[in-house]
Structures are given as C-alpha cells and as structure tokens.
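Comments concern the structure below.
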Amino acid sequence: MESKKILHNVFQNVEVGIGEVSKVVGVSQRQLRYWEEKGYIKPVADDKSGVRRYNLSTLYLIVFIKEQLDKGFTLAAAFERSRDVRVKSKIARKFFEHSFNDVKITNSDKAYGEIDLGDFQTQDGKMYHFKGVVDERGRYVKIDE
DNA sequence: GTTCTAACA
DNA sequence: TGTTAGAA
C-alpha cells in the first residue's frame, strides 16, 4: 500500500484514553464527560466496555476548545468557533484543491520557493495560472504567463 | 491503578 | 466544575 495511505490509517486509528487526554491537554476528566453530555465531543463508538477513547480529530477538537476557554470564551462559544474552523478549513481546502502538487524550491537554505497554485478563473471568465512565491521580497502571488 | 456513574459542595 | 463514594 502507498505509504501515505498507511500513515493516514495509522493516524486515523490512534486512540487515547480519557486519563491521558486529561493529563496532556489540561482538561479535567469531569469536563470531558460533561462536554460529551452536552454533545460537543464523542468518544470512539465501537467500545462496548464503557471506557472512553478519543481519536485524533476529537483530540484536536478538545485541544481547540481548551484554547478557546483559556482565551475567555464560554464552552458554547468555544464549540461554535470550532465549527467555524472546520467550515473555513473545508472552504480553504476546496479553493486550494490540487494546488500543492508542485512546490519548487528556489533556495533550500532560506526556504524560498514557488507553489504552483493551479488554474483559476477570474470573475470575468478568464483563466490564469497562479504561482505563490516566497523569496527575499516576502510572499506574493504571481501570474504565470 | 484507572475509569465509570451519580450525587453533592 | 471540583470532588468524592462505591462499583467494575
């Protein structure tokens, strides 16, 4: 199997217990159970034992909510923000679909390069090929003629 | 030793 | 939310 897919499966199947999540993230077990009761998070379904395990995406969500709480947001507001993040990520992924297939390194030491952003249609219907450039001038977009 | 539910400060 | 009790 393709190594990329293998890694994807590995990450997808990572599960962490409530004790470790609580200790590492800094959220009490009581909170995690309460958030679940509120419907904000969901432990891995296929666990008849009653012991909670969380997958990676849930772990990310827990970390995000914790960060928002630390910033002073209420639990409800924190969860609503996490929803926004998911939607925004989806929009961004859609926009940049297949855009990172080709990244040309122009300076390895300084991490300069050109990202092939692909073809984009402007509002007037014309198609252009864009490249995202990172170099000594900063970061900017370039139209590939 | 860890996690669960339920109840109460 | 924290904490505690009693069971799994």
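Residue numbers begin at 1 in each chain, while the letters A, B, ... track the order of the sequences.
No more than 12 heavy-atom neighbours from other residues, nucleotides or ligands sit within 6.0 angstrom of CD1 on Ile105(A).
The interatomic distance linking Leu69(A) (CG) with dT1(C) (P) rounds to 6 Å, in whole Å. For the pair Ile18(A) CD1 and dC4(B) C1', the computed distance is 9 Å after rounding to whole Å. Per the geometry, CZ belonging to Arg30(A) stands 8 Å off P belonging to dG2(C), to the nearest Å. Between the NZ atom of Lys66(A) and the P atom of dT1(C) there is a distance of 10 Å, rounded to whole Å. As a whole-Å value, the separation of Tyr34(A) OH from dA7(B) P is 17 Å. Whole-Å rounding puts the Leu32(A) CG to dT3(C) P distance at 15 Å. One can place CD of Glu37(A) at 12 Å from C1' of dT1(C), the figure rounded to the nearest angstrom. Rounding to whole angstrom units, CZ of residue Arg33(A) and P of dT3(B) are separated by 8 Å.
Ring-centre distance between Phe79(A) and Tyr40(A): below the 6.0 Å cut-off.
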Q. Going through the distances and angles, do Phe64(A) and Lys66(A) end up as a side chain to side chain contact (heavy atoms under 4.5 Å, CB included)?
A. CA-CA 5 Å; Phe64(A) 181 84; Lys66(A) 203 277 189 284; over 6 Å; no

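Within the model, atoms CG of Asn55(A) and CD1 of Ile41(A) stand 10.5 Å from one another, a figure rounded to the nearest 0.5 Å.
Comparing dG2(C), dT1(C), dT3(B) by their nearest atom to the side chain of Ser28(A) picks out dG2(C).
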